[in-house]
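Report on the structure given below.
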Amino acid sequence: MKKKKVNLRDLKPNSEEQHSHDDGHDHSGGQPNNFKAYLPAIISFSMLMIGIGLDYFDVAFFKDWLRVVWYGIAYLPVGLPVVKEGWESIKKGDVFTEFFLMSIATIGAFIIGEYPEGVAVMLFYAVGELFQNAAVNRAKGNIKALLDVRPNEALVYRNNDYISVSPETVEIGEKVQVRVGEKIPLDGILLSEKGSFNTAALTGESKPDTIAKGEKVFAGSINMDGVIEIETTKEFKDSSIARILDMVQNATARKSKTELFIRQFARIYTPIVVFLAIAVTFLPYFFVDDYVFRDWLYRALIFLVISCPCALVISIPLGYFGGLGAASKNGILFKGASFLDAMTKINTLVMDKTGTVTKGVFKIKKIEAINWDEKEFMKYLMAMEELSTHPIAKAILEYKDEGTDYEASEVSEIAGKGLKGFVNGKTVLVGNKALMTVNNINVLEETETIVESIVLVAIDGEFAGYVVIADELKEDAKETITALHKVGVKNIMMLSGDKDSITQKVASELNIEIAKGGLLPEDKLNEVEILKQNPNNKIAFIGDGINDAPVLAASDVGIAMGGLGSDVAIETADVIIQTDQPSKVVKAIKISRSTRKIVWQNIILAFGVKVIVLILGAGGLATMWEAVFADVGVALLAILNAVRLQRMKWVD
């Protein structure tokens with residue numbers, strides 16, 4: 001899958017992608033939160049109230065042409081922009097827009113002498129637009145907060161000095177200095193002894209993360225303690241923060257099926273209603289004895305105002321946008337609204353083991369010294385392992401006691417078995433049972449039942465003990481499985497490339513009934529393909545490695561660990577867990593379901609009210625005021641409902 005190249009200057013909100021009507025009307029544009037934006041509505045409202053007051057008290061001079069001119073002027077500040085938009089849309093060949101509907105409905109109200117109602121309809125529509133803009137901008141808050149963490153400079157060591165340059169110009173392998181409170185400009189490796197970083201922009205977790213020398217640091221993290229130096233490992237366009245911003249920026253462009261259906265429906269529905277309004281105006285002439293053109297035209301105008309699909313076309317994308325924003329705030333990145341929908345249907349979860357439910361790092365689990373002091377035993381073992389680059393050796397060398405002042409000599413590697421050498425004049429063997437057997441060393445029977453990686457040690461021909469090395473479960477691994485069952489994910493399977501005995505042990509600890517180990521990437525893919533043969537299975541796969549990419553692509557929803565995960569896995573996946581916590585999968589499901597629930601509430605609300613008022617309007621039982629509520633009022637209610645997603649809390 002080809003990775004999209006990201007330019008720092010291009011990473012800004014794209015309101016056309018994020019939220020726009022099919023008719024071209026962009027509710028997200030502009031900043032309505034200032035006096036200038038509200039001024040036209042304030043002028044129209046003031047003039048409307050004065051006019052209604054003069055009408056109510058039947059003031060003598062407020063008659064005829066003066067009354068028409070007064071309401072006409074009141075109409076212009078809010079009506080003229082809409083009429084112009086409608087005309088521009090017509091010139092582009094898009095006739096049946098909400099601007100066209102509002103224009104002909106309000107101008108028609110003026111033609112039949114309903115001046116206050118004509119102004120009121122357009123005024124409420126304009127005010128509704130302002131509130132909609134505010135709601136959209138509020139929904140964008142989390143994503144804008146992400147955009148604010150973009151590093152805009154890097155202090156690079158060049159020509160024996162640190163100079164400030166754009167992060168985009170820094171090359172791989174250069175040394176960068178980061179001061180206290182500054183953002184890490186590019187992904188790299190920490191050269192300083194240690195550092196403390198706020199990684200909230202990447203993970204959603206605000207607690208400081210302490211990193212040791214030689215460990216990875218990520219762009220967008222904030223340096224919390226002391227001046228540090230890093231060596232860059234990626235160009236800016238490939239850094240963590242650029243990747244996250246790219247995903248978020250493009251997420252709203254991937255529409256859900258519900259959203260696409262509503263947009264397509266609105267384009268068919270609107271012209272149908274226009275022709276129905278024409279029918280309401282003229283057809284009664286042939287069927288009603290006391291036909292009055294003005295009365296039926298008024299009903300048709302009401303019909304048109306009610307028919308605006310604004311509540312649907314605005315509130316539904318806003319609902320999905322709110323869900324995407326809420327997820328990103330919680331360290332979960334959906335690559336599109338369609339995956340929010342897909343996540344609600346998941347009933348089967350297939351997971352990798354190493355790096356997904358385990359930390360992917362070897363640690364000493366048990367030290368058993370036979371007739372040796374543990375510290376002395378470990379000195380001999382560490383002296384041998386200092387010359388090895390194996391991951392198990394690294395785990396042993398992290399033994400935190402006193403370290404070792406012993407040195408090994410004449411160390412040789414015995415292929416597939418281990419090491420042989422001399423420490424303090426003693427012959428030392430370090431390796432597996434095969435090494436011990438070849439050298440006639442009798443080991444304890446208890447070592448036969450240990451499924452984890454085990455390092456056996458013999459000193460001067462005698463078995464001296466063993467060390468058990470194992471990967472650790474993530475802190476939230478057990479609770480994740482329990483929580484998944486509670487949210488309706490009944491089928492959970494573990495597939496791992498690690499040996500089957502270890503896979504089964506981890507699965508047993510987590511209460512996962514189905515687990516298979518020793519699998520190649522194609523074996524994992526085959527297992528998922530078998531599950532997919534049952535059409536009732538909606539499958540999510542969660543993994544972190546390059547070998548997981550084929551399964552991530554084949555699943556209904558592919559979920560990748562964003563911190564430890566490989567770039568290939570992250571690019572292939574549909575959902576990224578930035579915190580590397582498997583429990584976030586449960587939260588992703590909950591956020592998805594909340595989003596879908598709100599979207600459907602808005603659909604039912606909009607359709608229900610519109611149908612009722614349309615019937616009342618056609619029957620002459622609804623005025624323009626009810627029409628305004630059915631359009632702008634319902635849109636506002638739906639938007640307020642969608643904004644609730646920004647305030648919801650989902651317990652892990």
Side-chain angles (χ1 to χ4, degrees), residues 189-190 193-194 212-215 353-355 358-473 497-506 509 517-518:
I189 295 174
L190 185 64
E193 287 302 315
K194 66 175 182 177
K213 182 177 181 178
E215 293 185 334
K353 179 183 71 68
T354 307
T358 68
K359 295 180 179 179
V361 180
F362 284 114
K363 295 286 183 183
I364 294 176
K365 186 174 181 181
K366 181 182 180 182
I367 299 173
E368 188 68 40
I370 311 298
N371 300 322
W372 281 84
D373 175 72
E374 180 183 302
K375 294 179 183 178
E376 185 74 5
F377 168 77
M378 288 301 295
K379 285 183 178 182
Y380 277 91
L381 175 57
M382 286 191 291
M384 293 289 291
E385 295 289 7
E386 276 183 335
L387 302 176
S388 174
T389 58
H390 195 279
I392 287 179
K394 183 180 178 182
I396 290 172
L397 292 173
E398 286 183 357
Y399 181 68
K400 297 295 191 245
D401 217 291
E402 298 176 1
T404 180
D405 51 6
Y406 294 173
E407 290 187 8
S409 61
E410 300 180 37
V411 177
S412 59
E413 183 172 350
I414 302 167
K417 296 182 176 66
L419 302 172
K420 181 178 181 179
F422 294 91
V423 179
N424 279 356
K426 299 181 184 293
T427 304
V428 181
L429 299 172
V430 175
N432 56 24
K433 188 179 180 183
L435 180 65
M436 300 295 133
T437 302
V438 168
N439 288 276
N440 300 313
I441 306 294
N442 295 319
V443 301
L444 297 179
E445 288 186 10
E446 65 189 61
T447 61
E448 302 288 342
T449 60
I450 296 173
V451 298
E452 295 97 339
S453 298
I454 182 170
V455 178
L456 305 174
V457 181
I459 301 175
D460 272 350
E462 296 290 332
F463 183 59
Y466 62 90
V467 176
V468 178
I469 306 293
D471 196 356
E472 289 183 297
L473 284 175
D498 206 346
K499 60 183 182 181
D500 191 58
S501 58
I502 295 177
T503 304
Q504 297 299 336
K505 187 175 187 298
V506 172
E509 289 179 24

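Numbers here simply count residues along the sequence, with the first being 1. Everything numeric in this text was worked out from a predicted model, so none of it was measured.
When all heavy atoms are compared, the tightest approach of Ala383 to Ala408 is O-CB, 3.4 Å. Closest non-hydrogen pair, Met384 versus Lys420, comes out as CE-C, 3.7 Å. Taking all atoms of both residues into account, the shortest heavy-atom contact from Val428 to Tyr380 is CG2-CD2, 3.9 Å.
Counting non-hydrogen atoms of neighbouring residues, nucleotides and ligands closer than 6.0 angstrom, the CG atom of Asn371 reaches no more than 12 such neighbours. The number of heavy atoms from other shown groups lying within 6.0 Å of CD (Glu448) is above 12.
With hydrogens and angles disregarded, a donor-acceptor distance shorter than 3.5 Å links the side chain of Asn432 to the backbone of Leu435. With hydrogens and angles disregarded, a donor-acceptor distance shorter than 3.5 Å links the side chain of Asp373 to the backbone of Lys375.
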Point to revise | Trace of the salt bridge (Lys or Arg N to Asp or Glu O under 4.0 Å) decision for Glu398 with Lys363 | key: CA-CA 8 Å; Glu398 286 183 357; Lys363 295 286 183 183; 3.3 Å; yes
Review point. side-chain contact (heavy atoms from CB on, under 4.5 Å) between Glu452 and Ile469: does it pass, once the steps are laid out?
Key: CA-CA 6 Å; Glu452 295 97 339; Ile469 306 293; over 6 Å; no
Practice item. Please step through side-chain hydrogen bond (donor to acceptor under 3.5 Å, both in side chains) for the pair Glu386 and Tyr406, ending with a clear verdict. Key: CA-CA 10 Å; Glu386 276 183 335; Tyr406 294 173; over 6 Å; no
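Using a 4.5 Å cut-off on side-chain heavy atoms (C-beta onward), Phe422 and Thr427 make contact. Looking only at side-chain heavy atoms (C-beta outward), Asp460 and Lys426 come within less than 4.5 Å of each other. Side chains of Val467 and Ile454 form no contact here, defined as non-hydrogen atoms less than 4.5 Å apart. For the pair Phe463/Leu456, a side-chain contact is recorded, criterion being any heavy-atom separation below 4.5 Å from C-beta on. With contacts defined as side-chain heavy-atom distances shorter than 4.5 Å, the pair Glu385/Leu419 qualifies.
With sequence neighbours left out, Glu446 forms a side-chain contact (heavy atoms from CB on, under 4.5 Å) with Lys366, Glu368, Leu444, Tyr466.
Distance check, rounded to the nearest 0.5 Å: CD1 of Ile502 to OG1 of Thr358 gives 10.0 Å. Between Phe377 atom CZ and Ile459 atom CD1 the span is 6.5 Å, to the nearest 0.5 Å. Here the CD1-CE distance, from Ile367 to Met378, works out to 4.5 Å after rounding to the nearest 0.5 Å.
Screening Lys433, Met436, Glu462 for a side chain to side chain contact (heavy atoms under 4.5 Å, CB included) with Ile441, the sole residue that qualifies is Met436.
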